[in-house]
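Below is one structure, written out as structure tokens; the observations come after it.
Hydrogens, waters and symmetry mates play no part in the numbers below; they use all other heavy atoms, side chains included. Letters A, B, ... mirror the listed sequences (proteins, then strands); counts begin at 1. The structure presented is a predicted model; accordingly, all values stated were derived computationally and were not measured.
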There are 2 protein chains.
Amino acid sequence: MNVTLRQLRAFTGVYRTRSITRAARALGITQSAASLLIQQLEAQLGVKLFDRSTRSVQPTLAADEAFHAAERMLSDAQGLSRRMRDLAQARAGRVAFLASAGAASALLPLVLAKFRASHPDIEIDMRDVAADDLVPRLSTTDAEFAIGSVEGEFADMTVETLTRGRLSAIGRRTADFAARRALTWDELAQLPTIAMRRESRIRMQIDQALSAQGKRLDPTYEVMLINTALAMTAQGLGLAILPATMLPADQFPTLIARPLVRPALTRPVSLLQRQGRTLSPAAQAFVATARAVLAQQPGPGTARAIAQK
Amino acid sequence: MNVTLRQLRAFTGVYRTRSITRAARALGITQSAASLLIQQLEAQLGVKLFDRSTRSVQPTLAADEAFHAAERMLSDAQGLSRRMRDLAQARAGRVAFLASAGAASALLPLVLAKFRASHPDIEIDMRDVAADDLVPRLSTTDAEFAIGSVEGEFADMTVETLTRGRLSAIGRRTADFAARRALTWDELAQLPTIAMRRESRIRMQIDQALSAQGKRLDPTYEVMLINTALAMTAQGLGLAILPATMLPADQFPTLIARPLVRPALTRPVSLLQRQGRTLSPAAQAFVATARAVLAQQPGPGTARAIAQK
DNA sequence: TGACATTCATAGGCAAAGCTCATGAATTAA
DNA sequence: TTAATTCATGAGCTTTGCCTATGAATGTCA
């Protein structure tokens, strides 16, 4: 057998109190049990630790030395337990995850704020990544999950759609525009529009869906960054064609989104996880927050209702 | 229950090998036992430590953190065991003891040299103390034992006489002096002599013993330090009246000792220990060496034989 | 000094922990 | 599909660990 922490606990107790009986009481065991633990430890280490008579328990020099090592181990043990407990309760730790630029811009700030409030001591490491890179990066880096507009199946990955953003026309809150419940793609043709460039995922989805219906989008402007499109819209240069989820309300209070219909298109905001890898408690807490926050976003169901009206 | 070192050993093994089976083999237990240990630890800490399928065992982030703490504790445990083993075998450690000036001067250097040779890594802390202080100091300081000319009984102390030094006349190795086997106290009266001062223990013993026989010592010189007496003798100023054990042969090669008889007096060289206090292994080794070395000193038995001749 | 109280050690007995063996389930390799 | 590997689980046995009771030693107080 080998030295046990039990023995060390008894040892430090006896060392401090200079009494087997008192140490036993403190440990919640009987005096005889404590006596045995000390004897075991002595046998184990091959050293006499206490000169004991029925009347006194005197630590030897060896005990003086052993005491420090023992205390350190015990405090390490306690520290380990506490630290793990904190991790388990998501009171400490770190969340590292990937976010595609789109998801990160409008939706995640909300989630981050809420999570920060409830878990102030968790370190957050959010890494912006191009949507195409989400899956490959997730398998190779230490990120625990990814959030972004991804659909489909991937090997060793689970994909869960948290919410869907309706492709919308985003414009200034004019009386005219605000009165509309929805716009059709056809109506857009007569209006100045700002869309993402053809290389982008969003644009490709749009072009594909429209061309299937013999239609096409002919934007007035084409930009690379979502923020650019929104800024231009705020300046009155036209309507931005984007998923409604990508409009940060607080950042652009003058803008509103109206769903585009015929056809109604949606882009998912999905959660990607590696299969067979449990999330850290901190990550689980974060994901829970994300689900809760995103569930409150207006879903595509409303969009369909409007489209049929 | 609580975390055990057993669990931590299994944990670090699995963490390193990323396999329960391999770790179990390394620990000399079965795979199922190792599996259980990991489960226990997880339950204990409230954290999942490995994502395990039948095919792979992946440490979680919590495991990464726990690993370092666990390793530290285990290496502490090993260090403690090793250190204690070294102490037990007197391969490491410290001997702190008291020595009266007399004992320290001639006898102990021999012991020290021999002990050093056989136990090179033991730290030696020898403290010179006046003979009268040996007992009180031994009860209050951390010295483990004392060596000196002490006789009698003391509370809580054991006294063991290691050897006895005959009170002798020490003089230069002249043909005349070397021819003598012994001298009587009466013969001294006609010779120049150097004795310790009346306040000293040695001198008090002499004066008492002689006056009991109606004799007295009338030294030419009286000094305080043994070394002074010997140095004066080496200069030919007279015969030093001292226990033979106090003549360091290597330091004064020209001097020899001849026992004084009628009456033959001896002074003990004793080992004092606190009762009920085991000596550290290092101290035990030192005491053993001291016994061995001092047993080889010419004892008082020879002196008696000569006196009767 | 003698009765008492306190403290440590030890023995017996029992409950629980810990291990092994056997088996099952999952997954990869051939 | 079969075989092989690996982890999990259950049954059963051994060992450990603890408690109770008791004994021995020692200090305390009358």
**OP:** Give a yes or no on whether a salt bridge exists between B:E144 and B:R277, defined as a side-chain N under 4.0 angstrom from a carboxylate O.
**Re:** no
Original post:
Nearest 0.5 Å, what's the CG-CG distance between A:L87 and B:L61?
Top reply: 9.0 Å
**OP:** Measure the distance from CD on B:Q44 to P on C:dA17 and round it to the nearest whole Å.
**Re:** 12 Å
Subject >> Charged N-O contact under 4.0 Å between B:D133 and B:R127 >> reply: no
Subject >> Whole-Å gap separating C1' (C:dG18) and CD (B:Q7) >> reply: 11 Å
Subject >> Nucleotide D:dT9, atom P - distance to CG of B:L37 in whole Å >> reply: 14 Å
Subject >> B:R16/B:E71 salt bridge by N-O under 4.0 Å criterion >> reply: yes
**OP:** Look at the aromatic rings of A:F145 and A:F97 and report parallel, tilted or perpendicular, splitting at 30° and 60°.
**Re:** parallel
**OP:** Figure out the CD/C1' separation between A:E42 and C:dA9, and round it to whole Å.
**Re:** 12 Å
Original post:
Can A:D156 and A:R274 be counted as an ion pair, charged N to O under 4.0 angstrom?
Top reply: no
Original post:
Using a heavy-atom distance cut-off of less than 4.0 Å, which residues of residues 16-25 of chain B contact DNA chain C?
Top reply: none
Original post:
Between C:dA15 atom P and A:I29 atom CD1, what is the distance in whole Å?
Top reply: 20 Å
Original post:
Does B:R52 put a side-chain nitrogen or oxygen below 4.0 Å from OP1 or OP2 of D:dA8?
Top reply: yes
Original post:
Can B:Q284 and B:S280 be counted as having a side-chain donor-acceptor contact under 3.5 angstrom?
Top reply: no
Original post:
Under the salt bridge (Lys or Arg N to Asp or Glu O under 4.0 Å) rule, what pairs show up with a residue in residues 39-59 of chain B, not counting sequence neighbours?
Top reply: B:E42-B:R52, B:K48-B:D51
**OP:** Measure the distance from CD on B:Q40 to C1' on C:dG18 and round it to the nearest whole Å.
**Re:** 8 Å
Original post:
Within the pair A:Q39 and C:dT10, is there a side-chain N or O less than 4.0 Å away from OP1 or OP2?
Top reply: yes
Subject >> Spacing between B:D51 atom CG and C:dA26 atom C1', to the nearest angstrom >> reply: 16 Å
Original post:
Which whole-number value in Å describes the distance from B:R6 CZ to C:dG18 P?
Top reply: 8 Å
Subject >> Nucleic acid footprint by protein, nucleotides 20-30 of chain D - heavy-atom cut-off 4.0 Å, B for base, S for sugar-phosphate alone >> reply: B---BBBS---
